[in-house]
Participant: 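Below is one structure. I have some questions about it.
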Amino acid sequence: MKKRVTGIYFAVLLVGILYAVFTAFSSHHNITINTRTEEKEAAIWEDCMEMTKEGGVYYYRRILPKEDTGEKVIVYNTIHMYLEVFIDGNRVYELKAGKDGAVKTTGFCWNTISLTQEDAGKEIVFRVTPVYQDSKPKGIFYYGTYQEIEHKILTERVLELALAVLISLAGFVMLFYGFFVVEKGQDAEIIMQFGIFAMMLGIWAAIETQIPDWIFPCNIIIVFISHLTLMIMPIPFVLFLRHMYHNEESRLWSFCCYMNCAVIALRVILQIMGIYDLRETLVLTHVCLLFVAVVCAVMTVREIISHNFSGQVRLNSICVIVMLLSTMLELAIYRIGNRSTPLGSTGFLFYIMVMGITNVRRTRDLMEQARENALYRELAYTDELTGLSNRTAFNEDLKKRMEPDETIGKEKTLPTVIFMFDLNDLKKCNDTYGHDYGDQYIKMAAGVLKKLFEREGKCYRIGGDEFCAWAPYISLENINEKLLLLEQEAKKLNEKGFVVTFSMAVGYAVYEESEDGSGLYNTMKRADVMMYEKKQEYKKQRSSIA
């Protein structure tokens, strides 16, 4: 489910962004801004103007100051509004959408009306027409020099922008950490999904500050990205959150994700077809967000009833409460004092940082535990003296070689050859020269076998002086080549000299279905019989010489 949902929302995001770019470049003539001059010099003034409403159109009027207005501007912020500005009855500024455009809205825009010296004492009228019925214009205007207005607008929002950037940066770090540091698996997916959620939240929060609108006025791409990030946010959040609960496989989680994917696709399709703008279908995303909140509440209650209030769920619930309280307090301050604060963004940043650090620590501990388990497994399956795999590893590998191959429905035994090795005169070496020399003898044998099977097959130490190896059976000539190589290596070692003559008894057997139908264990037994015969021949030769 996770991979399907992730693929769907990334595909829809890509389509939405490509459509936004296409719209911005192919329909830029649909948004028209007419100003008298391109001068951008200004100071700050904020005032409530006389407002009247006729039908669905709002009018804001004021007599301009009689002072020198030659270097002054008026800046007015519109969100989904058409705008016409008249000075002394003459239209000096216009913002509208073209009739041939599929996009109705003009988006977010800071409108700058440059004044001239002749405008002093004249009446200025702003005719504001909402694109959507539920939209209402703002009654705040900035008057003065451009630089000081710009300074005021940016300083009012710079803290919120900084918090949004920190949220996005935290998300990017977690995405990078999950992709490149955490070993691929469920833990990496959890971190990456939370990172995607944080990045989307940060981008959306940055757009909400309207600083991007100041830098890129009337850019429809900003509107699309704002809606797309808000639409997508619930999906990675749900995919991340579900892992905290014991009922993570519940259909409610899946339904949340698929419902959001369906809403995203529907909203984007309606926008592309020109039936409804994204703003007109925003209520669908609000319903999805509400549904996600209800599902999270229900799952939390179930978790408490079934498994008590586990640590991670408890921490997440506390962080969510802090985030909601900070957002509600920000809204209350805005409603009462008409003043924007960064409390909501601070709450979101608190949630991102706490949950991000908690999950990074958790994955780090799991990675450390996995490394320890891997080390213990390696020690359990490795012969300490030689570094070869031990008898336990040999038995497991042999079983794996005998498991049915689903593609052909037969065991994975063909073609395989089993070699059995026994080190001659090891007891004599231990009794005569001590176990230190005996260990050196065993290490010499292990080195030779590693060289024989380093390119194909695998070798094991399965007893004190016993070794075993398997290799894919190619031909009898290939087996003879290995035996010849063993003789050559033994000769080299004996030329260098050791306390005893280096010698190994070797037996081998090729898997034959007619003889070894039950598996490689029978093949190993046949190889062991040959090796024992070679061992007896060696002892007879030593006795005859003595």
Participant: Evaluate the side chain to side chain contact (heavy atoms under 4.5 Å, CB included) criterion for residues V125 and Y60: first the C-alpha distance (whole Å), next the side-chain angles of each, then the deciding distance (0.1 Å), finally the verdict.
Facilitator: CA-CA 6 Å; V125 179; Y60 294 88; over 6 Å; no
Participant: Using the side chain to side chain contact (heavy atoms under 4.5 Å, CB included) rule, take C256 and F291 through it: C-alpha gap first, then chi angles, then the decisive distance, then the call.
Facilitator: CA-CA 7 Å; C256 274; F291 184 76; 3.5 Å; yes
Participant: Under a plain distance cut-off of 3.5 Å, with no hydrogens placed, do T392 and N395 share a side-chain donor-acceptor pair?
Facilitator: no
Participant: Could you measure the distance from the CG atom of N111 to the CG atom of L95? Nearest 0.5 Å is fine.
Facilitator: 5.0 Å
Participant: Look at the rings of F197 and F237 and say which category their plane angle falls in: under 30° parallel, 30 to 60° tilted, over 60° perpendicular.
Facilitator: tilted
Participant: Can you name the closest pair of heavy atoms from C319 and V354 and give their distance?
Facilitator: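 Nearest heavy atoms, C319 then V354: SG-CG1, 3.5 Å.
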Participant: Hey, what do you get for OG (S326) to CZ (F350), rounding to the nearest 0.5 Å?
Facilitator: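 Rounded to the nearest 0.5 Å, the OG-CZ separation comes to 9.5 Å.
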Participant: I need the M233 CE to L289 CG distance, nearest 0.5 Å.
Facilitator: 7.5 Å
Participant: Decide yes or no for Y93 and E84: does some side-chain heavy atom of the first lie under 4.5 Å from some side-chain heavy atom of the second?
Facilitator: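 Not in contact.
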Participant: Report the C-alpha separation of E150 and W214 in whole Å, then their side-chain angles, then the decisive distance to 0.1 Å, and conclude whether the side-chain hydrogen bond (donor to acceptor under 3.5 Å, both in side chains) test is met.
Facilitator: CA-CA 9 Å; E150 181 179 57; W214 180 266; 3.0 Å; yes
Participant: Taking the basic N atoms (NZ, or NE/NH1/NH2) and the acidic carboxylate oxygens, is any pair closer than 4.0 Å for D134 and R279?
Facilitator: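 Between R279 and D134 there is a salt bridge, with a charged N closer than 4.0 Å to a carboxylate O.
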Participant: Where the side chain of T382 meets the backbone of E384, is there a donor-acceptor pair that is under 3.5 Å apart?
Facilitator: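 Here the side-chain-to-backbone pair does not exist.
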Participant: Taking all atoms of both residues into account, what is the closest heavy-atom pair of K458 and S389, and its distance?
Facilitator: CE-OG, 3.2 Å
Participant: Going by distance alone, is a donor N or O of one side chain under 3.5 Å from an acceptor N or O of the other, for Y82 and E94?
Facilitator: no
Participant: If we ignore hydrogens and angles and just use 3.5 Å, is the side chain of T229 paired with the main-chain N or O of I203 as donor and acceptor?
Facilitator: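 Such a contact is absent between T229 side chain and I203 backbone.
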Participant: Do the side chain of N77 and the main chain of K138 share a donor and acceptor less than 3.5 angstrom apart?
Facilitator: no
Participant: Parallel under 30°, tilted from 30 to 60°, perpendicular over 60°: which one fits the rings of H80 and Y132?
Facilitator: perpendicular
Participant: Indicate the atoms forming the closest heavy-atom contact of S250 with R302, along with that distance.
Facilitator: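 Heavy-atom minimum between the residues: OG-NH1, 4.2 Å.
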Participant: Mind checking whether S135 and I79 have side chains closer than 4.5 Å, heavy atoms only?
Facilitator: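 Heavy-atom side-chain distance check fails, nothing below 4.5 Å.
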Participant: Test your reading of the model: is there a side-chain donor-acceptor pair from W204 to the backbone of L228, 3.5 Å cut-off?
Facilitator: no
Participant: Side chain of N260, backbone of I232: donor and acceptor closer than 3.5 Å?
Facilitator: no
Participant: Quick one, Q271 and Y276 - any side-chain contact, counting heavy atoms below 4.5 Å?
Facilitator: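 The answer is no; the side chains never approach within 4.5 Å.
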Participant: Would you indicate whether M353, at its atom CE, is surrounded by more than 12 heavy atoms from other residues, nucleotides or ligands within a distance under 6.0 Å?
Facilitator: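 Result for CE/M353: open.
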Participant: Can you name the nearest heavy-atom pair linking P130 to P137, along with the distance?
Facilitator: CG-CD, 4.5 Å
Participant: Looking only at atom types and distance, does a side-chain atom of R267 sit under 3.5 Å from a main-chain N or O of L278, one as donor and one as acceptor?
Facilitator: yes
Participant: If every non-hydrogen atom of V131 is compared with every non-hydrogen atom of T106, which pair is closest and at what distance?
Facilitator: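 Smallest heavy-atom distance, with atoms named: CG2-N, 4.5 Å.
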Participant: Applying ring pair (Phe, Tyr, Trp, His ring centres under 6.0 Å), run through F126 and Y58 and close with a yes or a no.
Facilitator: CA-CA 8 Å; F126 287 78; Y58 295 79; over 10 Å; no
Participant: Just say parallel, tilted or perpendicular for the rings of F394 and Y460, cut-offs at 30° and 60°.
Facilitator: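 Rings of F394 and Y460: perpendicular, over 60°.
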Participant: Determine, step by step, whether T300 and N316 satisfy the side chain to side chain contact (heavy atoms under 4.5 Å, CB included) criterion, reporting the C-alpha distance in whole Å, the side-chain angles of both residues, the deciding distance to 0.1 Å, and the verdict.
Facilitator: CA-CA 10 Å; T300 301; N316 182 74; over 6 Å; no
Participant: Using a strict cut-off of less than 4.0 Å between a Lys/Arg side-chain nitrogen and an Asp/Glu carboxylate oxygen, indicate whether E280 and K104 qualify as a salt bridge.
Facilitator: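 Salt bridge present between E280 and K104.
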Participant: Walk me through it: do L266 and T281 pass the test side chain to side chain contact (heavy atoms under 4.5 Å, CB included)?
Facilitator: CA-CA 9 Å; L266 177 62; T281 57; over 6 Å; no
Participant: Please round to the nearest 0.5 Å and tell me the distance separating atom CD1 of I113 and atom NZ of K72.
Facilitator: 15.5 Å
Participant: Please determine whether a side-chain nitrogen of the Lys or Arg among E148 and K152 lies less than 4.0 Å from a carboxylate oxygen of the Asp or Glu.
Facilitator: no
Participant: Would you call R61 and E50 a salt bridge, taking side-chain N to carboxylate O under 4.0 Å as the test?
Facilitator: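 Answer for the salt bridge query: no.
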Participant: Looking at Q133, I want to see if its CD is surrounded by more than 12 non-hydrogen atoms of other residues, nucleotides or ligands under 6.0 Å.
Facilitator: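 Counting neighbours around CD of Q133, 12 or fewer heavy atoms of other residues, nucleotides or ligands fall under 6.0 Å, so no.
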Participant: Among M299, M355, E303, find the residue that satisfies the side-chain contact (heavy atoms from CB on, under 4.5 Å) test when tested with M244.
Facilitator: M355
Participant: Tell me whether the centres of the aromatic rings in Y142 and Y76 are closer together than 6.0 Å.
Facilitator: no
Participant: Between V128 and V57, is there a side-chain heavy-atom distance shorter than 4.5 Å?
Facilitator: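 With C-beta onward as the side chain, the pair stays apart.
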Participant: Between the main-chain N or O of V165 and the side-chain N or O of S168, is there a donor-acceptor pair closer than 3.5 Å?
Facilitator: no
Participant: Which distance, rounded to the nearest 0.5 Å, do you find between the OG of S306 and the CG of N247?
Facilitator: 7.0 Å
Participant: Quick one: does E396's side chain get under 4.5 Å of Y381's, heavy atoms only?
Facilitator: yes
Participant: Indicate yes or no: at least one non-hydrogen side-chain atom of I149 is less than 4.5 angstrom from one of Y143.
Facilitator: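 When only atoms from C-beta onward are counted, Y143 and I149 do not touch, as no gap falls below 4.5 Å.
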Participant: Once rounded to the nearest 0.5 Å, what's the spacing between atom OH of Y59 and atom CZ of F86?
Facilitator: 7.5 Å
Participant: Closest heavy-atom contact between A198 and I167?
Facilitator: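 Heavy-atom minimum between the residues: O-CG2, 3.3 Å.
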Participant: Indicate yes or no: at least one non-hydrogen side-chain atom of L239 is less than 4.5 angstrom from one of F194.
Facilitator: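 Contact flag for L239/F194 side chains = no.
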Participant: Answer whether the closest heavy-atom distance between the side chains of F216 and I221 falls below 4.5 Å.
Facilitator: no
